Amino acid sequence: MNAFFALVQREVRLATRVGGGGGMAVFFFLIVLSIVPFGIGPDLNLLTRIAPGMLWVALLLSALLTLDRLFQADQEDGTLDLLVLAPQPLELTVLAKAVSHWLTTGLPLVIAAPILGLMLNLPLDGMLPLMGAMLIGSPALSLLGAVGAALSVGVRRGGLLISLLVLPFYVPVLIFGVSASRAALVAVPGDLGGQSLALLGAVSLASLVVGPVGGAAALRVAVK
Amino acid sequence: MNAFFALVQREVRLATRVGGGGGMAVFFFLIVLSIVPFGIGPDLNLLTRIAPGMLWVALLLSALLTLDRLFQADQEDGTLDLLVLAPQPLELTVLAKAVSHWLTTGLPLVIAAPILGLMLNLPLDGMLPLMGAMLIGSPALSLLGAVGAALSVGVRRGGLLISLLVLPFYVPVLIFGVSASRAALVAVPGDLGGQSLALLGAVSLASLVVGPVGGAAALRVAVK
Amino acid sequence: MAWSIHTYANPTRFMNFSAIVLPYVWALAGAGIGIGLYLSFFVAPPDYQQGDSVRIMFVHVPSAWLSQFGYGIMVVSSIVALIFRHPLADVAAKSAAPIGAVFTFLALVAGGLWGKPMWGTYWVWDARTTSTLVLLFIYLGYMALWAMIEDPNRAARVAAVLAIVGAVNLPIIRFSVDWWNTLHQPASVFRLDGPTIHSSLLWPLFVVALGFTFFFIGVLMVRMRAEILRRKVRTLQMQQAAA
Amino acid sequence: MDSWTEFFNMGGYGPYIWSSFLIAIAVMTGLALQSWMDLKKQKRLVSELEARAERKRS
Amino acid sequence: MTTSEPLTGLTVTKLCCVRGERQVFRDLSFHVAPGDMLSLVGPNGSGKSSLLRQLAGLLEVTDGEINLDGAGEDQTVADVVLYAGHLDAVKAPLRVSENLSFWAAFYGVSATQVEPALEAFSLGHLGHLPAGVLSAGQKRRLGLSRLALIDRPLWLLDEPTVSLDTASIAALGDLMRSHLKTGGSIIAATHVDLGLEGTRVLDLSSNGGASL
Amino acid sequence: MTTSEPLTGLTVTKLCCVRGERQVFRDLSFHVAPGDMLSLVGPNGSGKSSLLRQLAGLLEVTDGEINLDGAGEDQTVADVVLYAGHLDAVKAPLRVSENLSFWAAFYGVSATQVEPALEAFSLGHLGHLPAGVLSAGQKRRLGLSRLALIDRPLWLLDEPTVSLDTASIAALGDLMRSHLKTGGSIIAATHVDLGLEGTRVLDLSSNGGASL
Ligand code: HEM
Ligand SMILES: Nc1ncnc2c1ncn2[C@@H]1O[C@H](COP(=O)(O)OP(=O)(O)OP(=O)(O)O)[C@@H](O)[C@H]1O
Ligand SMILES: Nc1ncnc2c1ncn2[C@@H]1O[C@H](COP(=O)(O)OP(=O)(O)OP(=O)(O)O)[C@@H](O)[C@H]1O
Ligand SMILES: [Mg+2]
Ligand SMILES: [Mg+2]
């Protein structure tokens, strides 16, 4: 367990020291969201309508953009060999990696969500449920992403490959995440928010298993 | 000039050999576009309405995702030192890099645009003008992107940093690109397509100067 | 060289076996597709609601089935490859992917062509159409992974992990219909209370589907043969380069 | 003659039906051909390489 | 210092290595007992690094066997082996001491061991610097200081002296000598002589590999 | 073979180097004439790599001067210098020969020179392999083969012998000797003796740097 926390601490420290940690992710998120109105026009009604979707799509993208270095950097400087050879089970190592990824991208975005919601004219009282949905769904992005990152270790232009491998798996997160958020924000009649939220939780729990197990299997193969 | 083509050839070869070249970019583009409906719902009218914007935003993103390795990979393996020391002017080197980036991301997307348009239910006769607008605007993305990539050489987590540096400069491309495309597709009364197209061309021409000069200046600083 | 026995004993048997059965497989595929085509144009009646357009079903539905069948083959072979290290298994998985992708593509195209008269548009973003598109992406991602790793042994193992993890997506494709608002036909052939399609359409459909399945198996065998030889070529080339 | 035009017309759905069948046939034939040609190519390469190895040995 | 059980020996039988379809070496058999130092030599491409990675479990064993004689039932190669490859596994943004502290925590070594391990390669006064500013040799020494930190009976070293100055080579020699004296074993690939007494040499150039 | 004009000498006067606020060396003065070989020695961190990068124009010169005596008006350091640093600038996905052909085209050397340059380090038979499968020493040799390909009067080599086997070190020695004989100059940082006659040694350990 000690090893687990040591790895999380190191990863978070690396992220803060070189990339401004979570700040960078929030900043990227902000820029993507402010680019969208340029793309689709400044119609505020339309923007509000697609806001939950935009928030989630931006969340996916900022997760994707940071995933490709998750294991690749360690492979390039020889750290990966030592991680694989360490006494700590590789599954835990992958989990630690995913947790640190979430701490530096998912979590900051959840915290920043209200500000962004404000920019998109979302109702204030839907904010907490929205944050709840993001909080429940975002770990799945890091966990599933870890599998993609592990699969593409040692492949150049891994960044694009990861997107291709991972995005299909993000689809359920996106569907449930958006429908839970929409229920929270737009107050759909016959509210399905609770059910989507439960399904979102189920996806996150499932990826809590799939991520470390699949990631470790992929890494074991990739170092050889 | 020989050196210029040698570099372009090498870059394209590297991209095809390890990343499937343009195919990968198209694939990513396709996935992003098909992810969006999950986010904002399957309403085809709404989708068609925001389609030109989505096409351009997806174009920006796939450029961004591939930019971070443009000079970074060369720096990590020592190639960049030799590129800087070579007899060829550094401006031409940066231009060659941008051209190859465009050949492997921008150009394939322009060619694939009609298929994507079909999926978004865009009118068939607007396709050619749309492709024209993308053809004129996309080089600016690679050229301006090269400056960002050069600025973030030697910075870990360069991917996010590049996005932050570059996205603001992409805004004009986005605005003019979308308005030109929309004019082509939706036939806005009092058509402004021609004017937007001209402005788009102007942006591309300007970045033909800004890109190489700025990129070379940034690289000279970054190597030291 | 001991390792060469491990690599070739089984494939040799497969080469012999497949050479013998391939002609029969092709014959069955040809018969199924030929008879099926005849049935679907001259025997099957127009649907009382959809008119003649229902004939697209004979392309669309078997392709859709086979798109999932193909992925099933990939998953099973990948499990065998990873756990039992059977040297044929990853060859089978790699060979099945492009065929599955082709049928997924056909299901999409035929569905789209059916959608224009039925729904008024080539494409809708509903659950089943979109999840079929996602399946195509998974196929392509799997093929991209193979293409991007130079060493076939390493590629085989990495791709197997992807295929198995990707199996999670199969139920998602099936159940997405329930999660998302949808236009597409719900299951009408394989359902607990019996098929809801009229039998005059149903049995030509099965004949075509059978023909398609044999076609799938035939192409799979050819591709596996080619893949086995390709690895042999690689080995020979490398050995001769080294000598 | 008339019945053939009618047949091809398919109650107005002709273009959709025929293109879906033709695309299916074309794509499937293409796949089979490509696989078969690849097999031929690998067979040729194997025999070439084996012949070369034989020559070296003797 | 309790992670490692004494290893009574490593036996390699008829080991083969095939990389990218080409045979690198074959039928390699040798035994390493506690206190043994085995030096791998051979021209570039003869398979020194490949052999070390196979022993560490980081590369597929095509054929043949690797046995740990003294290892318990559930002990794997990874519990016995300390591997130091071409790459230093050093993170530039972290301080020198942070780099090593992490490995201490990750391999379950007490944090008090970090200082002495740095001192073993005279890096103590650089501890507070970010590892990114180290010179090539200093970085290599930081990587090697893991040898002084983590206690494993079998060391696998791939060209450990690269970039080191004379003083550091001597320090490495001392460390290796004391490891051997306490019953450890070392297998090291190198093109230079380390000056250790009683070194056995395994020449890979003669081992059936294609002459690359 | 006409890119280079003969260089009559390189004069360095009172050169200083500060990295990360710390003085690495100061007041370094020396002269290198055609046919001279200068060997930079000193412990790790004494500034050998830093000096080479300064000479190549790849690192800021804090104080002091670097002059090319024979260089024309518009000739810069980059026209005169061939730099081979710690990294090999080899692209793994490209074949060995493609790697070198690119540098030939980029530095304006005829493509016919590629084969002989590969042969200089006995890499000819590996030409068709992707560079990614090379061993450490083979990769290093591919990097060094640029020395045989591109014609520049002043070579700056940073630990060129790292990972090389004895045969390749000899090949490198031959190449350097013939470069010196034809009026070229070499400045090389190294911890091992290259066995070249008439080598002058510059010891950086005594040059006022903070004792790191
Ligand atoms: C591009 C659009 C379409 C796609 C991607 C698509 C996809 C699929 C898939 C994947 C299946 C297999 C479901 C399963 O059994 O697991 C299927 C079955 C079916 N599709 Fe489509 N489809 C499309 C358009 C259409 C259209 C326009 C119609 C008719 C109006 C249609 C009618 C059917 C029918 C009748 C079945 C058989 C249902 C069953 O027995 O389960 N499809 N389609
Ligand atoms: N990027 C940097 N920022 C700050 N200081 C640096 C940087 N790079 C190197 N240094 C410092 O400069 C000094 C000289 O480094 P240099 O790499 O030139 O040494 P060297 O003589 O080549 O050593 P070695 O034998 O280990 O290669 C070292 O003390 C090092 O810590
Ligand atoms: N990833 C790989 N794929 C295919 N072949 C490889 C791979 N890595 C190395 N090889 C080949 O295996 C052989 C042995 O390489 P290895 O790195 O073990 O040599 P080495 O003895 O360590 O050489 P050096 O002294 O240069 O470090 C070489 O011929 C090399 O080309
Ligand atoms: Mg080696
Ligand atoms: Mg140095």
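Just so we're on the same page: letters track the sequence lines, and every chain starts at 1. Every heavy atom of this structure was used, including side-chain atoms; hydrogens, water molecules and symmetry mates were not. Since this is a predicted model, take the numbers as computed values, not measurements.
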- Message: Counting heavy-atom pairs closer than 4.5 Å to chain C, which one of A/Leu165, A/Leu151, A/Val153, A/Val147 comes out on top?
- Response: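 Heavy-atom pairs under 4.5 Å are most numerous for A/Leu151.
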- Item | Closest-packed option against chain C by number of heavy-atom pairs under 4.5 Å, given A/Pro168, A/Ala217, A/Gly214 |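 The option with the most such pairs is A/Pro168.
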- Query: Most heavy-atom pairs under 4.5 angstrom with chain A, which of C/Ile164, C/Leu145, C/Leu82, C/Ile149?
  - Reply: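 Going by pairs under 4.5 Å, I would pick C/Leu145.
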- Message: If I compare all heavy atoms of A/Phe169 with all of C/Leu162, which pair ends up nearest, and what's the gap?
- Response: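 Minimum heavy-atom contact is CE1-CD1, 4.4 Å.
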